[in-house]
Amino acid sequence: AQSVTQLGSHVSVSEGALVLLRCNYSSSVPPYLFWYVQYPNQGLQLLLKYTSAATLVKGINGFEAEFKKSETSFHLTKPSAHMSDAAEYFCAVLTVDSNYQLIWGAGTKLIIKP
Amino acid sequence: EAQVTQNPRYLITVTGKKLTVTCSQNMNHEYMSWYRQDPGLGLRQIYYSMNVEVTDKGDVPEGYKVSRKEKRNFPLILESPSPNQTSLYFCASGRDRAYNEQFFGPGTRLTVL
């Protein structure tokens, strides 16, 4: 069965520092991969998605993620953190084996230190 | 403005008292779904609907009902709420099952005493 693991329920970085949020998935078939962001007291919104085109995917707000098949990873990065990036980030995977339903990670709360 | 609306946003109720959480979208999306979000568990899908009159169970359907009589509306019904259904609920919609972006409502925080 598919699963998604997000390493670290909380990640803290200083403003201006690199943001790295880790996501590993398990799937025996090619996956579609997504990152969603949830700002405080709001619903989720799509940051970016990988659907078998370019392995480096650029999203909104300066975020990007790289699909690495050999490592079954889809880590999210941003070169320079901003206070407004403080939110919870969710990785999700979708495959034919999941009946095309999104399988979600547990989420990582990003904390930005001034 | 394209959006998914949910009502109520906050609800405190007692065990056994039937309740309905409404969800409506104005984007003419065929696909709609309900999730619950609990700390450390991420999002878990309760039910989804591929189109009008077509609904199916997600991962945690027990204790919930849904209906899809109109394309825009997808209410979540708790016939006899229990404390373990205390959670944050999200409705989402999309053009299709999941390939395309899912648009989420603002959430409904439910407390069952």
Side-chain angles (χ1 to χ4, degrees), chain A residues 1-11 21-27 29-53 57 59-60 63 87-109, chain B residues 1-10 21 23-25 27 29-51 54-61 74 87-109:
Chain A
Q2 283 76 33
S3 65
V4 177
T5 301
Q6 292 184 239
L7 189 62
S9 59
H10 293 77
V11 169
L21 304 183
R22 299 178 189 274
C23 173
N24 288 89
Y25 67 92
S26 69
S27 174
V29 297
Y32 295 93
L33 295 157
F34 303 80
W35 276 100
Y36 278 79
V37 60
Q38 183 181 28
Y39 297 105
N41 300 313
Q42 294 186 27
L44 284 74
Q45 63 184 86
L46 182 68
L47 258 185
L48 49 81
K49 65 181 179 183
Y50 166 77
T51 56
S52 76
V57 181
I60 61 172
F63 283 93
E88 189 157 19
Y89 293 79
F90 292 91
C91 181
V93 65
L94 175 157
T95 73
V96 61
D97 287 352
S98 69
N99 197 27
Y100 299 107
Q101 299 301 316
L102 285 167
I103 307 298
W104 296 85
T108 297
K109 190 159 288 188
Chain B
E1 179 191 355
Q3 60 182 351
V4 178
T5 57
Q6 294 179 228
N7 282 293
R9 294 289 313 278
Y10 302 90
V21 183
C23 172
S24 183
Q25 51 94 4
M27 294 168 278
H29 285 162
E30 294 190 346
Y31 180 81
M32 296 186 75
S33 65
W34 276 102
Y35 294 92
R36 60 178 289 173
Q37 182 181 17
D38 301 289
L41 296 178
L43 277 79
R44 293 180 292 170
Q45 190 176 57
I46 302 170
Y47 271 95
Y48 64 94
S49 170
M50 299 291 288
N51 211 327
V54 180
T55 63
D56 211 343
K57 296 178 181 178
D59 297 319
V60 288
F74 191 45
S87 187
L88 179 58
Y89 292 87
F90 288 102
C91 179
S93 74
R95 278 194 309 164
D96 59 30
R97 189 176 294 199
Y99 293 125
N100 292 296
E101 179 176 358
Q102 298 294 301
F103 293 82
F104 283 78
T108 295
R109 186 165 293 281

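First the proteins, then the strands, lettered A, B, ... as listed; each starts at 1.
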Quiz item: Minimum heavy-atom separation for B:G40 to A:A106, with atom names?
Solution: O-CB, 3.4 Å
Quiz item: For the candidates B:Q45, B:R109, B:R44, which exhibits the highest count of non-hydrogen atom pairs separated by less than 4.5 Å from chain A?
Solution: B:Q45
Self-check item: Contacting region of A:Q6 [heavy-atom separation from chain B under 4.5 Å]
Solution: neither
Self-check item: Residue among A:Q45, A:Q42, A:E88 with most heavy-atom pairs under 4.5 Å to chain B
Solution: A:Q42
Quiz item: What heavy-atom pair brings A:K49 and B:E101 nearest, and what distance separates the two atoms?
Solution: NZ-N, 4.2 Å
Quiz item: What part of B:L41 gets closer than 4.5 Å to chain A, counting heavy atoms only: side chain, backbone, both or neither?
Solution: backbone
Quiz item: What's the shortest heavy-atom distance between A:Y36 and B:Q102, and which atoms?
Solution: OH-N, 3.0 Å
Practice problem: Let me see the working for B:Y35 and A:L102 under side chain to side chain contact (heavy atoms under 4.5 Å, CB included), right down to the final yes or no. | Solution: CA-CA 11 Å; B:Y35 294 92; A:L102 285 167; 4.2 Å; yes
Quiz prompt | Engaged part of B:Q6 at the chain A interface, taking heavy atoms whose separation is under 4.5 Å | solution = neither
Quiz item: For A:Q38 and B:F90, which heavy atoms make the closest approach, and how far apart are they?
Solution: NE2-CZ, 3.1 Å
Quiz prompt | Interchain contact, B:R9 with chain A, by part (heavy-atom threshold 4.5 Å) | solution = side chain
